[in-house]
Engineer: 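Can you read through this structure? Questions will come right after.
Values reported hereafter were calculated over all heavy atoms of this structure, with side chains retained and with hydrogens, waters and symmetry mates removed.
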Amino acid sequence: MAEASPKLKLYTNHACPWAHRAHIALAELKLPFEEEIIDLSVPRTPEYLKVNPRGLVPSLAFNDEIIIESAIVANFLADAFPSHLVPQSGTPDAALVRAKIAFFVDTYISKVNSISYKAQVAKTDEESEGFVNELVATVVKEIEPLLSNAAPFFNGSDRLTLAEVQTGSFVVRLFTLIQYGILPKHTISDLSDKAPNFHQWGQAVSTHPSVTGIYDAEKIAARAKDRLAKIRAV
């Protein structure tokens, strides 16, 4: 008798970049799942707090188990359903690839994403320019060398890897904010000139169907503009 497929239910919000990670993984793995949208604009319901006492998204129900925190959810899916995303553990070569992916993701989130957020909420255009210059310099120093063999995805892959699963939701938002003028338009040309590996990789990531599947660029841009207007009105 064939083993029954596990039942997956994702508690999510399509506007949340952290929850977006799980969607990218599920899309790449082509896994069927049930979805429940959690409204992040209001206090969490008692029912959801029973699922995840932290009240955050995503949460993944895997049969009778609940898995929380976006990076953990994405790693779990990649491990539970072996695929092209990451080599199965057990060999030194696989361990090396996993280490490279982990380092890349940590570098992007800790070094680049934090600056990107500061640029998005800067109180003046001058502040925003300063953060954008810092962002470009950080990409050149920290990320560009790690993408030297991207083809077009991480570590020479022609398909998304776990590196893109963990960073893609933030990359597509970065490109959206530049496109819609929330970040200075020259940011994209600066990246293209000074960090061509990152620029080409970022373009490939931000247009990939697994990344864009639930992504609404217009809504994300509108929310970012509204948030910025409120910050600058104070």
Engineer: Please name all residues satisfying side-chain hydrogen bond (donor to acceptor under 3.5 Å, both in side chains) with Asp106, sequence neighbours left out, ordered by chain then number.
Structural biologist: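 Asp106 satisfies side-chain hydrogen bond (donor to acceptor under 3.5 Å, both in side chains) with no other residue.
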
Engineer: Charged N to carboxylate O below 4.0 Å: is that the case for Glu36 and Lys9?
Structural biologist: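 A salt bridge is present here (some side-chain N lies under 4.0 Å from a carboxylate O).
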
Engineer: With side chains defined as the heavy atoms from C-beta onward, is the minimum distance between Thr138 and Ile143 less than 4.5 Å?
Structural biologist: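 No, their side chains stay 4.5 Å or more apart.
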
Engineer: Could you tell me whether Arg223 and Asp216 have a side-chain N and a carboxylate O separated by less than 4.0 Å?
Structural biologist: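 Salt bridge flag = no for Asp216 with Arg223.
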
Engineer: Working note: Asn75 + Gln166, criterion side chain to side chain contact (heavy atoms under 4.5 Å, CB included); need CA distance, chi angles, decisive distance, verdict.
Structural biologist: CA-CA 9 Å; Asn75 280 320; Gln166 300 282 35; 3.6 Å; yes

Engineer: Which pair of heavy atoms, one from Pro184 and one from Val132, lies closest together, and at what distance?
Structural biologist: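 Pro184 and Val132 have their closest heavy atoms at CD-CG2, 3.6 Å.
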
Engineer: Under a 3.5 Å threshold, yes or no: a donor from one side chain and an acceptor from the other, between His199 and Glu144?
Structural biologist: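 Result is no, nothing qualifies.
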
Engineer: Is there a side-chain contact between Arg44 and Ile38 (heavy atoms, below 4.5 Å)?
Structural biologist: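 Heavy-atom side-chain distance check passes, below 4.5 Å.
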
Engineer: Do Thr161 and Asn155 touch side chain to side chain, with heavy atoms closer than 4.5 Å?
Structural biologist: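 When only atoms from C-beta onward are counted, Asn155 and Thr161 do not touch, as no gap falls below 4.5 Å.
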
Engineer: Report yes if some heavy atom in the side chain of Leu77 is under 4.5 Å from a heavy atom in the side chain of Leu85; otherwise report no.
Structural biologist: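 Of all side-chain heavy-atom pairs linking Leu85 with Leu77, none is under 4.5 Å.
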
Engineer: Is any side-chain N of the basic residue among Asp93 and Arg98 closer than 4.0 Å to the acidic one's carboxylate O?
Structural biologist: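 Result for this pair is no, no salt bridge flagged.
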
Engineer: I'd like to know if the side chain of Ser157 reaches the main chain of Phe154, judged simply by a donor and an acceptor atom lying under 3.5 Å from each other, with no hydrogens or angles considered.
Structural biologist: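 Answer holds: no.
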
Engineer: Tell me the closest heavy-atom pair linking Pro58 and Asn52, and the distance in Å.
Structural biologist: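 Heavy atoms only, the tightest pair is O-ND2, 4.4 Å.
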
Engineer: Glu35 vs Tyr11, test: side chain to side chain contact (heavy atoms under 4.5 Å, CB included). Steps then yes/no.
Structural biologist: CA-CA 6 Å; Glu35 179 182 72; Tyr11 299 85; over 6 Å; no

Engineer: Identify the two heavy atoms, one from Val57 and one from Cys16, that lie closest to each other, and give their separation to 0.1 Å.
Structural biologist: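 Scanning both residues, the minimum pair turns out to be CG2-SG, 4.0 Å.
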
Engineer: For Ser206 and Tyr215, test the side chains for any donor-to-acceptor distance below 3.5 angstrom and give the result as yes or no.
Structural biologist: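 There is no such pair between these side chains.
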
Engineer: Ring centres under 6.0 Å, that's the criterion: do Phe153 and His208 meet it?
Structural biologist: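 Yes, close enough.
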
Engineer: In terms of side-chain heavy atoms, does Glu28 have a donor or acceptor partner in His23 at a distance below 3.5 Å?
Structural biologist: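 Note: Glu28 and His23 side chains miss the donor-acceptor criterion.
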
Engineer: Do Thr167 and Trp201 come close enough that some side-chain heavy atom pair is under 4.5 Å?
Structural biologist: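 Yes, side chains in contact.
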
Engineer: Hey, does Tyr117 have a side-chain heavy atom less than 4.5 Å from the side chain of Leu174?
Structural biologist: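 Counting from C-beta outward, Leu174 and Tyr117 never come under 4.5 Å.
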
Engineer: When you compare the side chain of Lys230 with that of Asp226, does any pair of heavy atoms fall below 4.5 Å?
Structural biologist: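 Contact flag for Asp226/Lys230 side chains = yes.
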
Engineer: Ser169 versus Val211: any side-chain heavy-atom pair under 4.5 Å?
Structural biologist: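 No, every pair of side-chain atoms sits at 4.5 Å or beyond.
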
Engineer: Checking Glu127 side chain against Lys123 main chain: does a donor-acceptor pair fall under 3.5 Å?
Structural biologist: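 At least one qualifying donor-acceptor pair exists.
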
Engineer: So, taking the atom named OG1 in Thr187 and the one named CD in Glu129, what distance separates them when rounded to the nearest 0.5 Å?
Structural biologist: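 Going from the OG1 atom of Thr187 to the CD atom of Glu129 covers 7.0 Å.
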
Engineer: Ignoring hydrogens and angles, write down the donor-acceptor pairs under 3.5 Å from the side chains of residues 63-74, residues two or more places apart or on other chains.
Structural biologist:
| residue | atom | partner | partner atom | Å |
| --- | --- | --- | --- | --- |
| Asn63 | OD1 | Lys7 | N | 2.9 |
| Glu69 | OE2 | Arg54 | NH1 | 2.8 |
| Ser70 | OG | Arg21 | NH1 | 2.9 |

Engineer: Grab the two heavy atoms, one from Gly55 and one from Leu49, that are nearest each other, plus how far apart they are.
Structural biologist: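 Taking Gly55 first and Leu49 second, the nearest heavy atoms are CA-CD2, 3.8 Å.
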
Engineer: For the residue pair Gln120 and Arg173, confirm or rule out a side-chain donor-acceptor distance under 3.5 Å.
Structural biologist: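 Side-chain D/A pair, Gln120 to Arg173: absent.
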
Engineer: Please report the closest heavy-atom contact between Ala195 and Val139, naming both atoms and the distance.
Structural biologist: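 What the structure gives for the nearest pair is CB-CG1, 3.8 Å.
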
Engineer: Angle class for the Phe198/Tyr108 ring planes (parallel below 30°, perpendicular above 60°, tilted otherwise)?
Structural biologist: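 It falls in the parallel class, under 30°.
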
